[in-house]
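These notes concern the structure reproduced below.
In what follows, chains carry the letters A, B, and so on, assigned in the order in which the sequence lines appear, proteins first and then strands, with residues in each chain numbered from 1.
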Amino acid sequence: MTEPFDDASYPLYTMSTAASLLGVQPGFLRSLGDSGLLRPARSGGGHRRYSRDDLARAARAREVVDLGMTLAAACRIVQLEFEVTRLHLELAHAHAVISELRRHLQA
DNA sequence: ATTCTTACA
DNA sequence: TGTAAGTA
């Protein structure tokens with residue numbers, strides 16, 4: 001059986017650990033879940049377990065809230081920011097694949 | 001022993 | 001907001 005999670009998405013951090021790492025209140029982390037930005041894993045007893053991906057999004061959300069956005073706006077912005085980043089990576093990969101195919105075709 | 005979560009009032 | 005009961 002291979003691990004269902006990679007390093008970045010492995011649910012390691014408890015609520016208190018995640019909150020102190022980010023310098024935020026536990027309630028803030030919960031509200032990010034309520035707003036749909038985060039979907040932290042759950043322990044057997046229902047406690048949230050945050051991955052490094054979750055922490056990265058939460059840290060960015062805190063920055064955007066500190067910029068003066070409402071929580072809902074910040075969550076939307078962060079979600080879109082991360083989606084754009086993912087799309088950039090996907091596009092770069094697609095370009096690499098195309099280049100490789102061209103090399104094969106003209107060989 | 002303390003923290004975390006949900007439910008409910 | 002606060003309390004209660006069950007987790008981790």
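In this structure F5(A) satisfies the ring-ring contact (aromatic ring centres under 6.0 Å, His included) test together with Y10(A), sequence neighbours excluded. Every side chain to side chain contact (heavy atoms under 4.5 Å, CB included) that V97(A) has, sequence neighbours left out, goes to H93(A), L101(A). Under the side chain to side chain donor-acceptor pair (under 3.5 Å) criterion, H104(A) pairs with E100(A), sequence neighbours left out. Qualifying side chain to side chain contact (heavy atoms under 4.5 Å, CB included) partners for L91(A), counting only residues two or more places apart in sequence or in other chains: H95(A). Under the side chain to side chain donor-acceptor pair (under 3.5 Å) criterion, S20(A) pairs with no residue, sequence neighbours left out. Residues passing the salt bridge (Lys or Arg N to Asp or Glu O under 4.0 Å) test with R102(A), sequence neighbours excluded: none. When the salt bridge (Lys or Arg N to Asp or Glu O under 4.0 Å) test is applied to R60(A), the partners found at least two apart in sequence or on another chain are E63(A), E81(A).
The stretch residues 45-62 of chain A comes close to DNA chain C through G45(A), H47(A), R49(A), each having a heavy atom under 4.0 Å from the strand. Within residues 22-36 of chain A, the residues approaching DNA chain B are R30(A), by heavy-atom distance under 4.0 Å.
Counting only residues at least two apart or in different chains, salt bridge (Lys or Arg N to Asp or Glu O under 4.0 Å) contacts with residues 30-47 of chain A are absent. Among residues at least two apart or in separate chains, there is no salt bridge (Lys or Arg N to Asp or Glu O under 4.0 Å) pair with a member in residues 45-56 of chain A.
Annotation for C75(A) and L37(A): closest pair O-CD1, 3.7 Å, computed over non-hydrogen atoms.
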- Message: Once pairs are restricted to Watson-Crick or G-U wobble with both distances under 3.5 Å, how does DNA chain C read as a dot-bracket string, [ ] for crossings and | for other-strand pairs?
- Response: ||||||.|
